[in-house]
Chemist: 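Structure in structure tokens, see below.
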Amino acid sequence: MPERALPAQEPRHRHAFAPLPPLREGSAGAGGDAGRHARQEDEDRLWQPDPLLRAGPLSPGHRRAHGAEGGQRGRRAGRGPGSLHRGVLAADRRRPGVAMDDENRLIAQRKQKIQAIRDAGLNPYANDFPVSLEDMRRVGELDPETLSGEADLPEGAREFRVGGRVMALARFGKAAFALVRQQGHEVQLFLKRDLLGEGFKAFKKIERGDFVAAVGPAFVTRQGKVAVRAREFRILTMAVRSLPEKWHGLKDPELRYRQRHVDLVATDGVAEVFRTRARVVAHLRRYLDERGFVEVETPMMHQVVGGAAARPFLTHHNALDLDLKLRIAPELYLKRLVVGGLERVYEIGRCFRNEGLSRMHNPEFTMLEFYMGYATYTDLMALTEDLISGLVTDLQGEPRLTYQGQQVDLSTPWPRLTVVEATKAGLSLAAQEQGFAAPTDDDLRSGESLGAYVARQRLTEREEALAQLWKACAGWGERLAALFETFGEERLPADRPVFVVDYPSAVSPLSRRKDDNPELVDRFELFVVGREIANAFSELNDPEDQRRRFRAQLEARDRGAEETMDYDEDYCRALEVGMPPTAGEGIGVDRLTMLLCDQPSIRDVILFPLLRPEGAQQPGKQEARR
RNA sequence: GGGCCCAUAGCUCAGCCUGGUAGAGCACCGGACUUUUAAUCCGUUGGCCGAAGGUUCAAAUCCUUCUGGGCUCACCA
């Protein structure tokens, strides 16, 4: 079935995306320092594709480290220091772009060191000493078991040009070890005074956090580790501000999010999360590209909000004197493209919803939406299984993951439950926990019977969340959806992904009704560990029914529903041009990344999550007026 | 927005209940040490205890307000 529905396209298609040929030597050096580039061997070209850079599975140990870290943060919640007004790390956030008054002893000492380097005739911000990432990797791949010891190194042994940020320093009087890191690769340098001579004086000024480079052969230390014995040593860049403590790293969540650059350097595993996120996005893109989907970019500034139920951000275009809203979803534009003949189309991009923040919600978030002509929501379930289990296998080496201690088996096919089944199961579990009567099939049959059941069991008194929803609910579909959200979602099986199918048409204004039951639509949502990861349906392409659904949204708004869709007549007109039978799906990229990186908060997978501005105007310490 | 909790050295944290001169580890600075793995040893330096107000002879500590943050509930993916 998947094979029929989702054929990978012919090679012809892939050729259209073949990588550009490498730049030629002359072009890159034009107008610049030709000697700088001439020094490197061809294989070391900075811009060349790297045959060694393969996307392998994450090591299990690495993932465990993430989990432990997340747990520790959880336990420490609320205990971290919050003041941000005096620290080395905090100070320049208070006055970005303004002369600092946060000189402290550490910074003054660093500046003195930088001056001392200048006084010695050296450049503390040098860029004339190339280092080879290729060499970094090669040193990293050397096996201490087979590498000959120091005494065995022949004269003229292979030398490596390595360098990066100093992450650890162990100094002795006349020798030292420095662990340097570049692009995730770490190499240990061994520096001896009698080998370096004058260069050792420069080394004396180095601290953790500075960038250095060295050239020399590799050897095995007495501790059995590979290191590069520096024959030549250079300072590349000196840092003015010191890094957080190496052992504890940066714990204060606010500092971590506000100064992600420091977090990335200092907190173990953070850089890896964002490298993995990039691989997730690349995988999604590659998967869709290979199957003939066209990537597009549709407007983010909308005049009519649609495609989801959410409140938008408002903005304004001056020249047109036009009020605009940041998009809450690209859906209606993408389907216009299906009408236009881009029958496999997708967009990966930011959406904006003007709502509260939580561990699961950031006001701007990244969504993949794709539409597939001549397909149904059933086809998309198969595609989703294939896509996500393949992604997990690519990253983990097997279709299995652990999220916050919960093991999830992603081997396909995944179980499917109807909304009615999931609601009944959830209510039955809740009934056992809380001592009320489980619903019968008759209770779930109509809006009236649901209302009677909820009243009889006093469910709105038990669940404040339901009470909120219930007020704006009318009819079977809305009431069932409210009960599913309150009682069903969080009680779904957690050890497997679950497709919840057959949503009520009343809560699915853009979905196609089921042929055998117009109260239901051809729609599913994918839940993993009780979290909604994807939402998909066969698209409604009957323009008259679409108009009725939009009108129903307006009626719901009048009843007090806060988040409803605008009536989009232009979209209905597009449907009148004719949209082929189509299925579409949205996948929350941030939430998917949370699962794959075992991160507890959406803020841990967004580089710069929205934070309140630092508006603390302190009386007596007012900033200069401008 | 509601509830609970938090803010002390560059970083990670004690001290607060029970008010009486501000502490530790790491980092930094000085010294010793030519194979370290959170190196070790010796000696220094470093704080408007988030801000403002109050109680008190005396406040990091008790009270109030403010600012920022975390968790959680509600809406949404």
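In what follows, every chain begins at residue 1, and chains take the letters A, B, ... in the order their sequences are listed.
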Chemist: For A:Q188, enumerate each residue passing the side-chain hydrogen bond (donor to acceptor under 3.5 Å, both in side chains) test, keeping only those at least two apart in sequence or located in another chain.
Modeler: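 A:Q188: no side-chain hydrogen bond (donor to acceptor under 3.5 Å, both in side chains) contacts found.
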Chemist: Both distances below 3.5 Å, Watson-Crick or wobble geometry, any strand: find the nucleotide opposite B:U45.
Modeler: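 Base partner found: none.
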Chemist: May I ask you to verify whether the side chain of A:S358 and the base of B:U72 hold a donor-acceptor pair under 3.5 Å?
Modeler: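 Looking at the base of B:U72, it does not pair with any donor or acceptor on the side chain of A:S358 (distance under 3.5 Å).
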Chemist: Please give, in whole Å, the distance from B:C11 P to A:L106 CG?
Modeler: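 For the pair A:L106 CG and B:C11 P, the rounded distance is 10 Å.
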Chemist: Go through the side-chain N and O atoms of A:R523 and A:S508 and say whether any donor and acceptor fall under 3.5 Å apart.
Modeler: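 Checked: A:R523/A:S508 side chains pair up, N/O donor to acceptor below 3.5 Å.
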Chemist: Any base atoms under 4.0 Å from A:L469, or only sugar-phosphate, or nothing? Heavy atoms, all strands.
Modeler: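 It contacts sugar-phosphate atoms only.
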Chemist: Side chains of A:Y257 and A:D604: does their closest heavy-atom pair fall under 4.5 Å?
Modeler: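 In short, these two side chains touch, coming nearer than 4.5 Å.
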Chemist: Which pairs, protein N/O on one side and nucleotides 31-33 of chain B N/O on the other, fall under 3.5 Å?
Modeler:
from, atom 1, to, atom 2, distance (Å)
B:C33, N3, A:G173, N, 3.3
B:C33, N4, A:G173, N, 3.4

Chemist: Check this for me: does the side-chain of A:R105 come within 3.5 Å of the base of B:U45 through a donor and an acceptor?
Modeler: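 Answer yes: a donor N or O sits under 3.5 Å from an acceptor.
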Chemist: Grab the CG-P distance between A:L357 and B:G68 for me, whole Å please.
Modeler: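 Taking CG of A:L357 and P of B:G68, I get 14 Å after rounding.
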Chemist: Rounded to whole angstrom units, what separation is found between the CZ atom of A:F190 and the C1' atom of B:A39?
Modeler: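 After rounding, the gap between these two atoms is 13 Å.
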Chemist: Starting from the 5' end of RNA chain B, give me the residue, A:E364 or A:V226, whose nearest nucleotide shows up first.
Modeler: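 Per heavy-atom nearest nucleotide, the more 5' residue is A:V226.
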Chemist: Should B:A14 form a Watson-Crick or G-U wobble pair with both distances under 3.5 Å, which nucleotide is its partner?
Modeler: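 Because no pair has both required distances under 3.5 Å, B:A14 counts as unpaired.
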Chemist: Does any N or O donor sit under 3.5 Å from an N or O acceptor when you compare the side chain of A:D252 with the base of B:U12?
Modeler: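 A donor-acceptor contact between them is absent.
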Chemist: List for me each residue that meets side-chain hydrogen bond (donor to acceptor under 3.5 Å, both in side chains) alongside A:E478, sequence neighbours excluded, and say none if there are none.
Modeler: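 With neighbours one apart ignored, the set is A:R559.
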Chemist: Looking at B:G25, does its base get a donor-acceptor pair with the side chain of A:E245 below 3.5 Å?
Modeler: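 By the distance-only test, yes, there is a pair.
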